[in-house]
2 protein chains.
Amino acid sequence: MNSNTNNKKQNKKVLPLGEDIGGEVLIIGAGLCGSLLALRLAQRGYNVNVYESRSDLRTTDISAGKSINLALSDRGFKALRLAGVEEKARKICIPMYGRLIHDLEGNTFASNYSGREGEYINSISRGELNGLLLTEADLYDNLTIHFNNECTAVDLENNIASFYNHNTKENFKAKADVIFGTDGAGSVLRKSYYLERKFLFSFSQNFLTHGYKELEIPPSKDGNHLISKDHLHIWPRGDYMLIALPNLDGSFTVTLFLSYDEGEYNFNNLTTEKKIREFFQKQFPDALELIPDIASEFSNNPTGALGTVKCSPWYYQHKTLILGDAAHAVVPFYGQGMNASFEDVTVLDGIIDEHNGNWETIFKEYQKTRKEDADAIGDLAEENYFEMRDHVSNPIFKQKRALEVALEKTFPTEYFSKYSMVTFNEDIPYHTAMLKGRAQDKAILNMIADNDIDLTNDLKSILATIKAETKEILDEDKVAGLK
Amino acid sequence: MNSNTNNKKQNKKVLPLGEDIGGEVLIIGAGLCGSLLALRLAQRGYNVNVYESRSDLRTTDISAGKSINLALSDRGFKALRLAGVEEKARKICIPMYGRLIHDLEGNTFASNYSGREGEYINSISRGELNGLLLTEADLYDNLTIHFNNECTAVDLENNIASFYNHNTKENFKAKADVIFGTDGAGSVLRKSYYLERKFLFSFSQNFLTHGYKELEIPPSKDGNHLISKDHLHIWPRGDYMLIALPNLDGSFTVTLFLSYDEGEYNFNNLTTEKKIREFFQKQFPDALELIPDIASEFSNNPTGALGTVKCSPWYYQHKTLILGDAAHAVVPFYGQGMNASFEDVTVLDGIIDEHNGNWETIFKEYQKTRKEDADAIGDLAEENYFEMRDHVSNPIFKQKRALEVALEKTFPTEYFSKYSMVTFNEDIPYHTAMLKGRAQDKAILNMIADNDIDLTNDLKSILATIKAETKEILDEDKVAGLK
């Protein structure tokens, strides 16, 4: 195999799971999903070569990675636990216990993510978590990461991937028994599925009308957080939204979600410092005070697109499989993108347990098990876009959240909101959580709208009514042949 | 403009709509949608050049086109009326008043499409209808159709389309003020949108697990139809389905819908005459008797894929627009593919009335008006796949259909089934029909399942209950933020 290895290895671990079973595995992309997959397959004894287009984020300028933080929750932790790195990851987490909603007048309202103790999400730096996984990967003799090698195409029939080395400026090819594509939303392997037309490839990419831009609230002079670090902050304004997640250094990464070309203010017309300041002054005056460099950050930081990718099949014969964003990129509004990608590794690992060595069966079973859940989190994330930018400040939705938190507090083993099922219950598949959660939401929202909930009544009877209504909604959908 | 004109013109008509307004219009594809669009734009005075990859279907061997028939209904007729060709089309129609369902034992059950008089769909030959439109198009001096010219790419920025001439084997380019892509499900213009990446292009192609194959029931010796020509015949078998539509020559075009690779019988394993006959003998014994050449037809006729295409945007600036299957290919199970494409022309024509000359506004308004309706018919057609192959033989669905026909008969101006709204009410947009129709279906199915409908009760009170339940379902979805 022609390759260009950049990383150094020291203190190699002994393989924990027994003998090398001799499979040559090639992974395209050493991002979050690819690194974790590589680690897990190395632990299983496979010979793993990972090719990553960028340079090693642990040794290059960290600032690019630093500004991006993500929400890590229980599905993610389950996968990290499987690979033995959960505790290391927890050390770089900042718990966020709920949303803190900022209104136009600067008032704030807290809304907990759960009524149960110990249920919270975590702000974590993408770069630091990725680095942690790469450092762990370096401990395995049978795992090599080749940085600065960009995949340009995959020959599906012969299982040969082509690469361009950014250092040597040379093109080369690499062959393997199995090729995994964890090369993100713009996956080259997925593109080969689409363009080679070897099979009927169902595929969708769906962009929202809004893009996003990242900004920064710096730490205070003494290095502390200027607003609560225990919350995910939201400034919901209907047509646009600002959010902020805390970083370990006292700063916050702020993300503006805004239309490209609709409405009075949009990315296309916010082109002068005057107009940018006017927009923030009118819509986010309290946030504006915390972002000193707003005009230069707004001009210099890129505007990103928000897209959902779904496709099928994810695999070709016994040869290739795509996972993570490459197979199912989602918009960021449920905080589940990374968690879903990590969960892919958990699910695949369980199926390898049953069919080790038989890749075609593994891939088939994996897709059969995982596809409806990946579709569900894509749909849930798009729906939450509307909930976050709009519904969180809607009175009926607020009442619903308050009621759900009270129910979870009082009946911690009996009531689980949709958000809790998705975020904190890693053993409930996304698709199940979506169907039950939607029915439950519909039941509660309609009971509140119809004044059918007497809040002076005891919570126990309210819970019973919600359960009965939810069941009826699910039954009626079933009779009508709806999902 | 470099072009290669194959058609001959005679007896040119005087432009009916006044002066030539000077717009150079290029249309890619002279199929059903492209021919009708060309005709209508010529009637409006535009200079229209249409490039079609195949040869003129009126002068080449007709057999390829002859075997494919389609269902034409009220949305299609409305568009044909606009172009002045409705009556000519009606002359080559065979009315189908309902479904005739064939069970395994050879019993048949009729199920009318409507309880109202004069509501029926029509079997029509794709080739003959297309030929009729081309012949009409030939009457316009300002409309030229260039056959055997295959579009290979479109330069979006400069509005230049590239072609390959199958006769001269030469490549050439053509420029126009506006380019329309009516080049079907595999649209080259749509592919340019995807590959040129000039804008965020949301796109999906979704294939069913089943493909289709066309077979033929020939006419009787004296040229008559061997089974009722007044029905669309269905042999629903859950995992697969056979349908048949009548042709004017006494034959039927039969279509088998079957999985590629799942189940005991599928396209991949039906490879011998023995197995093909065994399959039909077990599943469609009455149909087998009517298809003498089953084995050779099965082996020689191609297996087609069933895909739904959705995308957005459909246009680029003031320069290009895709319509018909190029913008929204649908599966054939609602009999609306051609009707939806023709309705595109009706909708576009209405918007040209308002904004003639301003193509960017026309395209924007057209997409705004039309997109949710195109999406809706795509979804309805996929849903009907399950209804046709499965539900038509389900007792609750059968009771529902019988009740709906009775309601339409008794209250012809008050009750409209989903099927009637979609098929016979060309002034109800698809999206409206879908939402109301789904709610109505859900109400009726649940009332039947719960024994809430007392059929000894008078129909008037049953109708009132259905209307109230339907309203409640729509209200509850609205409160829950669902569509």
Side-chain angles (χ1 to χ4, degrees), chain A residues 186 191 194-195 197 199-211 260-261 303-313 364 375 383-384 386-387 390-391 394 396-397 400 437-450 452 469 472-473 475-483, chain B residues 186 191 194-195 197 199-211 260-261 303-313 364 375 383-384 386-387 390-391 394 396-397 400 437-450 452 469 472-473 475-483:
Chain A
K191 201 168 178 183
Y194 179 73
L195 294 177
R197 296 174 163 260
F199 45 85
L200 292 178
F201 185 54
S202 292
F203 167 66
S204 76
Q205 58 183 31
N206 185 44
F207 293 100
L208 299 184
T209 55
H210 284 45
Y260 287 102
D261 53 13
T303 303
L306 297 163
T308 303
V309 169
K310 295 180 182 174
C311 61
S312 178
K364 201 169 195 167
D375 285 348
E383 283 166 27
N384 228 35
F386 299 100
E387 175 160 347
D390 217 352
H391 297 167
N394 169 321
I396 291 182
F397 274 75
K400 170 176 156 286
R438 278 183 181 167
Q440 211 165 250
D441 285 353
K442 187 174 174 178
I444 299 175
L445 287 168
N446 275 287
M447 287 162 72
I448 293 172
D450 298 347
D452 282 350
E469 287 286 323
E472 196 179 327
I473 287 169
D475 289 348
E476 287 184 354
D477 280 351
K478 205 171 174 183
V479 168
L482 304 170
K483 271 178 255 173
Chain B
K191 201 169 180 186
Y194 179 73
L195 294 175
R197 295 173 163 261
F199 46 84
L200 293 177
F201 186 54
S202 293
F203 167 67
S204 76
Q205 58 182 28
N206 185 45
F207 293 101
L208 300 183
T209 55
H210 285 46
Y260 287 102
D261 53 14
T303 303
L306 296 163
T308 302
V309 169
K310 294 179 184 175
C311 62
S312 176
K364 201 169 196 170
D375 285 348
E383 282 167 28
N384 227 38
F386 299 100
E387 175 160 347
D390 217 350
H391 296 166
N394 170 321
I396 290 182
F397 275 75
K400 171 176 155 286
R438 279 182 181 167
Q440 209 166 252
D441 285 353
K442 187 173 174 179
I444 299 175
L445 288 167
N446 275 286
M447 287 163 72
I448 294 171
D450 297 347
D452 282 349
E469 287 286 323
E472 197 179 328
I473 288 168
D475 288 347
E476 287 184 353
D477 281 351
K478 204 171 175 187
V479 168
L482 304 169
K483 272 176 262 175

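Just so we're on the same page: letters track the sequence lines, and every chain starts at 1. Scope of the values below: all heavy atoms of this structure, side chains included, with no hydrogens, waters or symmetry mates.
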Side-chain donor-acceptor distances from residues 200-208 of chain B under 3.5 Å, at least two apart:
residue: B/Ser202; atom: OG; partner: A/Asn206; partner atom: OD1; Å: 3.4
residue: B/Ser202; atom: OG; partner: A/Phe207; partner atom: N; Å: 2.7
residue: B/Gln205; atom: NE2; partner: A/Phe201; partner atom: O; Å: 2.7
residue: B/Asn206; atom: OD1; partner: A/Ser202; partner atom: OG; Å: 3.4
residue: B/Asn206; atom: ND2; partner: B/Glu382; partner atom: OE2; Å: 3.0

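Of the atoms belonging to B/Asn446, heavy atoms from both backbone and side chain fall under 4.5 Å from chain A.
In this structure, the side chains of A/Lys442 and A/Arg438 stay at 4.5 Å or more apart for every pair of heavy atoms.
With ring centers used as reference points, B/Tyr260 lies 6.0 Å or more from A/Phe199.
Between the CZ atom in B/Phe397 and the CG atom in B/Asp441 there is a gap of 7.5 Å [rounded to 0.5 Å]. A distance of 11.0 Å separates CD1 of B/Ile473 from CD1 of A/Ile473, quoted to the nearest 0.5 Å.
Across all non-hydrogen atoms, the minimal contact from A/Leu445 to B/Ala480 is CD1-CA, 3.8 Å.
Contacts between residues 304-313 of chain B and chain A, defined by a heavy-atom separation under 4.5 Å, are made by B/Ala305.
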